[in-house]
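First the proteins, then the strands, lettered A, B, ... as listed; each starts at 1. Remember, it's a predicted structure, so these values are computed and weren't measured experimentally.
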Amino acid sequence: MTGRTAEGEVALVDLGPDGSRGAPQVVEPSGLLAAVAHREAHAAELGSAPPRWVWSDAPAWYPGLLASGTRVQRCHDLRLVHTVLRHSQLVQDKVAAEIRAAEQWDVPVHPGTEQQSVGATLFDMDGGSPTRGGVPQRIEAALEEFDRQQRAIDGSKDPARLRLLVAAESAGALIAVELQAAGIPWDVAEHDRILTADLGPRPRPGHTPALMVEVAAQVREALGDPMLSLDSPVKLLRALHRAGIDVRSTSRWELAEHQHPAIQPLLRYKKMARLLTANGWAWMDEWVHEGRYRPVYVPGGVVTGRWASSGGGALQIPRQLRPALRADPGWRLVSADVSQLEPRVLAAMAGDRAMARAGAGTDLYAGIVAAGVVATRQEAKVGVLGALYGGTAGDSGRIVPRLRRTFPDAMRLVDQAAETGERGGTVSTLLGRSSPPPDPAWTSAQLHSHRPEAGTAEQDRARRSARDRGRFTRNFVVQGTAAEWALSWMAALRLALASFDEVPLDQAAHASGPVFSRRAHLAFFLHDEVIVHAPASQADAAARAIRESADAAGRLLFPGSPVDFPLDLVITERSSAK
DNA sequence: ACACGGAGCGCG
DNA sequence: AAAGCGCGCTCCGTGT
């Protein structure tokens with residue numbers, strides 16, 4: 001853990017090798033790095049379970065350790081765990097109230113994380129405590145919170161599940177820091193080639209790339225408006241109307257339905273503008289250094305438990321730029337993504353035998369077609385997405401009832417989650433992460449709409465917002481449990497990779513910067529996809545580890561379930577767009 | 001000068 | 001009308 005007391009000490013709590021409670025050993029500041037390194041090495045030598053370090057939060061402490069070459073195998077992240085426990089319905093009321101009362105730990109996203117540079121160490125923070133946005137800095141406060149959390153978990157309705165969640169969430173905290181430190185191997189020359197091919201050569205600062213200028217001129221010509229600003233939706237919409245194109249918005253899907261000489265160049269311009277502003281040369285200059293793109297990952301950044309990211313849009317890298325992801329010389333990218341993770345998670349959670357059978361191949365949607373529910377894969381996909389998201393209109397509204405007959409257990413699970421949400425209730429993932437309670441304004445609007453004097457407009461609005469919330473809770477249980485599966489997958493994979501031998505120094509992964517790793521390591525994560533950067537000699541072993549970890553995650557979360565989690569896995573030098 | 005919401009689009 | 005979930009980022013336009 002954590003920060004400085006008034007006297008200026010820094011301390012870390014070592015939970016003990018078996019993860020059980022014992023007297024926590026508080027590590028003194030002067031020996032912090034040495035103590036962590038020593039305990040970790042000691043456990044490795046003995047082959048015993050590694051210690052679990054308890055700290056305020058990983059981004060405050062781990063980058064410094066990592067920069068000094070010290071890795072931590074396990075931790076308990078007080079801040080992340082606090083967030084889980086303060087909402088979890090598994091926690092008994094009395095302790096939950098205590099947790100909720102400790103508001104100083106309720107810091108949703110770590111402010112300052114963006115500024116956390118990889119090279120910063122624990123000891124750089126002169127002049128008092130690190131400014132870690134409100135997370136308590138005193139060791140006593142951390143020990144108290146740790147004690148509360150342990151009591152909340154031990155006395156909960158399902159300690160075993162909550163412990164899994166806490167371990168997975170904390171492992172995610174370590175992985176996020178390690179991913180940032182490792183960075184994504186990024187080939188700026190390839191990135192520049194893609195930009196140049198699509199936009200024209202890099203323009204002088206403040207100028208528009210040549211191809212964009214050309215295409216914009218085509219649009220203005222076709223619309224007969226030589227001064228039109230294409231970047232203002234309002235002005236563009238007016239110009240479209242003047243040209244007789246009857247659209248309600250300027251969005252791509254709607255434009256595509258019209259025939260007019262302006263449409264094709266406009267769609268092309270939008271695509272170009274997006275690439276330039278979101279991932280153009282400016283992005284490259286800001287985010288890629290020494291051959292690595294280092295985004296900030298935010299574990300638990302989404303209410304469902306998914307990760308968010310901050311800085312550079314790590315989770316939104318366009319597939320168009322995937323070829324810029326390139327392994328170091330002599331290294332490989334081992335990329336794997338799970339086929340239809342969310343529906344599989346639903347099938348396993350619900351114990352839906354028929355849906356498990358449909359997913360027995362590698363393509364669950366094909367399995368649904370084979371089961372005779374729908375005629376085409378596209379229909380299967382639209383139907384399943386409608387089931388997960390609460391679709392009622394169009395094709396999905398037509399197909400979902402059929403899925404309800406064929407997969408009654410799976411559909412009952414999501415339908416009940418939706419119903420609970422509509423009533424203002426709380427739903428939980430498999431491991432016990434619970435949805436936030438409704439906004440007080442939401443609740444009061446629902447109550448008011450039931451008064452006899454409520455108008456129909458008020459009733460409609462209330463019903464609509466009830467259904468909105470129902471769709472949220474419907475999706476919450478699946479998206480959140482899928483996130484738990486993915487964390488378990490990565491946690492297992494991370495430990496497996498850590499046991500790989502180191503390759504000789506001259507083969508290490510370092511791009512043009514400092515050596516980061518001498519063995520296969522995680523380099524990217526995106527909800528249901530991982531990329532491992534591995535020495536060529538370890539690529540096959542890494543691929544096996546990825547598959548074995550996926551199997552392990554399935555067994556851990558769904559023991560005895562027939563549902564499997566097949567991967568699409570490729571070993572390449574350069575990531576390719578799908 | 002800055003904050004903020006909406007539009008639009010990238011990802012799953 | 002992108003039908004139906006969750007995000008981040010950039011831009012514009014408005015409000016202060």
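Here the nucleotide nearest the side chain of A:Arg252, chosen from B:dG10, B:dA7, C:dG4, is B:dG10. The side chain of A:Arg274 lies closest to B:dG8, out of C:dG4, C:dA1, B:dG8. Minimum atom distance to the side chain of A:Lys271 is reached by B:dG10, of the listed B:dG10, C:dC7, C:dT10. Considering only the side chain of A:His527, C:dG6 comes nearest among C:dG6, B:dC9, C:dC5. Distance from the side chain of A:Ala308 is smallest to C:dG8 among C:dG8, B:dG8, C:dG4. For A:Val303, whose side chain is taken as the heavy atoms from C-beta onward, the closest listed nucleotide among B:dG8, C:dG6, C:dA2 is C:dG6. In the set B:dG8, C:dA1, B:dG10, the nucleotide with an atom closest to the side chain of A:Arg248 is C:dA1. You'll find that the side chain of A:Lys270 is closest to B:dG8, out of B:dG8, C:dG4, C:dG8. If you check C:dC12, B:dG10, C:dG6 against the side chain of A:Ser232, the one that comes closest is C:dC12. Set against B:dC9, C:dG13, B:dG10, the side chain of A:Pro318 has B:dG10 as its closest nucleotide.
Side chains of A:Gln378 and A:Tyr365: a donor-acceptor N/O pair is absent below 3.5 angstrom, by distance only. Side-chain atoms of A:Thr473 and A:Glu422 form no donor-acceptor pair, as typed in the model, at a separation below 3.5 Å. Of the N and O atoms on the side chains of A:Gln340 and A:Asp528, not one donor lies less than 3.5 Å from an acceptor on the other residue.
A:Phe472 and A:Phe476 have perpendicular rings, their planes meeting at more than 60° on a 0 to 90° scale where under 30° would count as parallel.
Judged by the 6.0 Å distance and 45° axis criteria, A:Arg469 is positioned over the aromatic ring of A:Trp442.
Between A:Thr250 and B:dG8 there is a side-chain polar atom (N or O) within less than 4.0 angstrom of OP1 or OP2.
If you find the closest nucleotide of DNA chain C to A:Glu254 and to A:Gly312, the one lying nearer the 5' end belongs to A:Glu254. Residues A:Val382 and A:Thr304 both approach DNA chain C. Their nearest nucleotides, taken by heavy-atom distance, put A:Val382 toward the 5′ side.
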>> A:Gln316 vs A:Asn279, test: side chain to side chain donor-acceptor pair (under 3.5 Å). Steps then yes/no.
In response: CA-CA 10 Å; A:Gln316 301 122 263; A:Asn279 297 100; over 6 Å; no
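With pairs defined as Watson-Crick or G-U wobble and both atom distances under 3.5 Å, the stems of at least three pairs that touch DNA chain C come out as B:1-12 with C:5-16.
Across all strands, A:Leu388 comes closer than 4.0 Å to no nucleic acid atom at all (heavy-atom distances).
The one candidate from A:His533, A:His289, A:His191 that meets the ring-ring contact (aromatic ring centres under 6.0 Å, His included) condition with A:Trp186 is A:His191.
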